[in-house]
Amino acid sequence: MYGTVAAISTPRGKGGVAMVRISGADAYGVLSRVFSPASPERFASKKPNAVYYGSFFDKDGVFDDGLAVLFNAPHSFTGEDVAELYCHGGVLVTQKLLTAVFAAGAEPAGPGEFTKRAFINGKISLTQAEAVGGIIDAESEKALSVSAKQSKGSLAKAIAEISDELRFLAASVYAYIDYPDEDMTDVTPEAMREKLVASAEKLKKLAASHAYGKAISSGIKTAIVGKPNVGKSSLLNLLCGEDRAIVTEIAGTTRDVITENVRLGDYILRVSDTAGIRESSDAIEKLGVIRSVKALDDAELVLAVFDCSSPLDKSDCEVIEAIRSAGKAGNTVCVLNKSDLSAPVIDPPFGKYVVISAAEGKGKEAIEKIVSDSVGAGNIGENDEIVINARQYSAIEKAVCAVGDAIKSLENFTQDVAGMDIERALSALCEADGRTVGEDIVAEIFSHFCVGK
Ligand code: GDP
């Protein structure tokens, strides 16, 4: 049993209305100690899902009027008794109401505490709770619509369907082990293999959607590299367009390593070491190449810029070599810039390439298209689930491996060995949906929410 907690659930600042939410067994009690209803008889009926008008008071008397709504356990967001108090949206009056609520017996709610209670009380799955966080954090329309859909449980449902299929197979294996003579299972090794392959395909598809999910939410770590004067800064400006980037300094790293979030259609590119890119226009020769390749190590996408109007020289080759030795050849897109000066006279040194003219503002769509291809957007259907969250992704990956092992075990050993692999896959899927995650992980997830959510 958890205590009764309260917090302001609307953003801090002036607005028409603000809301203080109270959740816990004593929600009605706390409310009645700060709220004087206009119709006491009606309020005494404690009718849930109804709106009550009245005034808010503290030890010094009435300070505002407003509305209160009651929800009874378990039919509330948290699954507990909940009272929502709507006062006028001033900073002082809202704070005064919260202080009165604390004085009346509620404890301050921690970050994400209401959503955490909803999870603990079985009102929502962890994937749904994480989707609520995703709605709050969403910076692109696409990320918002994916999170909104998943907050209704669509991803949890997709995971549950795969779990059900695997559980059926595990059960038939154990029925066979426990009662070998009873012919309890009619799942032949061939049928089992078929079902496992089908589950593996579904899981792989979910896992593969993460590249896209990440690109529309937290963003793709991107390095723009190239020798001095090829047009790296101009490319960055082309990508940023009017939507000038948000500049964030990464704490604890070198002072001048800066990441800029560049929005490219639905995608977010987190371009690192942009300070290096900017400086490279002036100072360089000695610094340029070395600095820009520093960003390579971490990059998920490398935009390697070349001046396509002149042949590759020694410095270009150094850049190419640096990309290869960082093991990033597969993640690299060659940006053949300055196409306004001449048709490309060079062959792109890596497979994927775009021809652009940053100076003429041409090529942004081509880059967006290549980013879209590289995150597999074309394979994602309108109704497919998209895994945005890294924690869910790593659990689904574990399940992919375990189902793969089960298929191998079935080929090389017997059904009961495969059964153990299926069990591992099931526990990974429980983890993905949060049914088996430890308390510390739950605490960590909700600590990223704001107070009041
Ligand atoms: P960086 O050193 O790689 O960051 O290169 P900059 O973006 O500073 O560009 C170097 C020079 O090339 C500048 O004078 C730019 O105006 C010029 N430049 C950049 N992109 C283009 C292009 O597409 N066409 C032409 N003709 N010049 C360009």
Side-chain angles (χ1 to χ4, degrees), residues 220-250 254-264 269-299 301-324 326 328-329 331-350 352-371:
I220 310 169
K221 284 186 202 156
T222 306
I224 298 180
V225 298
K227 71 177 181 189
N229 272 324
V230 286
K232 296 183 296 299
S233 312
S234 310
L235 170 64
L236 186 65
N237 286 338
L238 171 73
L239 294 177
C240 291
E242 312 255 297
D243 215 1
R244 196 58 215 168
I246 307 156
V247 179
T248 39
E249 255 182 89
I250 304 170
T254 331
R255 198 160 35 87
D256 52 8
V257 174
I258 289 178
T259 300
E260 258 175 280
N261 280 5
V262 175
R263 198 161 309 156
L264 197 58
L269 304 186
R270 294 175 52 208
V271 184
S272 61
D273 201 12
T274 54
I277 293 170
R278 292 220 183 83
E279 273 175 36
S280 72
S281 320
D282 343 306
I284 38 312
E285 285 317 324
K286 55 185 193 323
L287 272 178
V289 175
I290 304 148
R291 283 195 55 132
S292 51
V293 297
K294 245 189 354 186
L296 267 177
D297 285 340
D298 249 8
L301 172 70
V302 179
L303 298 177
V305 189
F306 301 97
D307 175 349
C308 77
S309 68
S310 60
L312 296 178
D313 66 10
K314 191 166 156 282
S315 304
D316 288 312
C317 293
E318 274 176 41
V319 172
I320 295 167
E321 190 40 45
I323 293 171
R324 291 218 175 99
K328 303 287 175 173
N331 311 45
T332 298
V333 174
C334 302
V335 179
L336 306 183
N337 189 31
K338 308 199 184 183
S339 65
D340 54 297
L341 296 181
S342 84
V345 300
I346 54 174
D347 283 329
F350 300 97
K352 286 179 270 185
Y353 71 97
V354 283
V355 180
I356 73 159
S357 167
E360 291 189 339
K362 285 186 191 147
K364 192 171 171 177
E365 293 75 23
I367 294 173
E368 186 181 334
K369 168 86 177 56
I370 217 157
V371 167

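Whatever order the structure lists them in is the order used to number ligands and atoms, beginning at 1. Nothing here was measured: the structure is a model prediction, and the numbers come from that model. We count residues from 1, following the sequence as given.
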*Any N/O of Ile356 closer than 3.5 Å to an N/O of ligand 1?*
no
*asked:* Closer than 3.5 angstrom, by distance alone: can the side chain of Ser357 be matched with the main-chain N or O of Ser339 as a donor-acceptor pair?
replied: no
*May I ask you to check if ligand 1 and Pro228 share an N or O to N or O distance below 3.5 Å?*
no
_ligand 1 versus Asn337: contacting region, heavy-atom distance under 4.0 Å_ = side chain
*Side chains of Ile320 and Leu312: does their closest heavy-atom pair fall under 4.5 Å?*
yes
*With the threshold set at 4.0 Å, does a side-chain nitrogen-carboxylate oxygen contact exist between Lys314 and Glu318?*
yes
_Does ligand 1 come near enough to Ser233 that some N or O of the ligand is less than 3.5 Å from an N or O of the residue?_
yes
_Under 4.0 Å to a heavy atom of Leu341 - the qualifying atoms of ligand 1, by number_ = 26 (N)
*Which ligand 1 atoms are under 4.0 Å away from a heavy-atom of Asn229?*
1 (P), 2 (O), 3 (O), 5 (O), 10 (C), 11 (C), 12 (O)
*Which atoms of ligand 1 have any heavy atom of Ala358 under 4.0 Å away?*
20 (N), 23 (O)
*For Ile220, which of Val371, Asn331, Val271, Leu264 qualifies under side chain to side chain contact (heavy atoms under 4.5 Å, CB included)?*
Val371
*Please identify which atoms of ligand 1 are closer than 4.0 Å to at least one heavy atom of Asp340.*
22 (C), 23 (O), 24 (N), 25 (C), 26 (N)
*Between the side chain of Lys221 and the main-chain N/O of Arg270, is any donor-acceptor distance below 3.5 Å?*
no
*Can you tell if the side chain of Leu236 reaches within under 4.5 Å of the side chain of Ile224, non-hydrogen atoms only?*
yes
*Would you find a donor on one side and an acceptor on the other, under 3.5 Å apart, between the side chain of Asp307 and the backbone of Lys338?*
no
*Judging by distance only, is a nitrogen or oxygen of Ala359 under 3.5 angstrom from one on ligand 1?*
yes
*Check whether any side-chain heavy atom of Pro344 lies under 4.5 Å from a side-chain heavy atom of Tyr353, and answer yes or no.*
no
_Heavy atom to atom 28 (C) of ligand 1, shortest distance: which of Lys232, Lys227, Lys338 holds it?_
Lys338
*Using distance alone, decide if ligand 1 has a nitrogen or oxygen within less than 3.5 Å of any nitrogen or oxygen in Ser234.*
yes
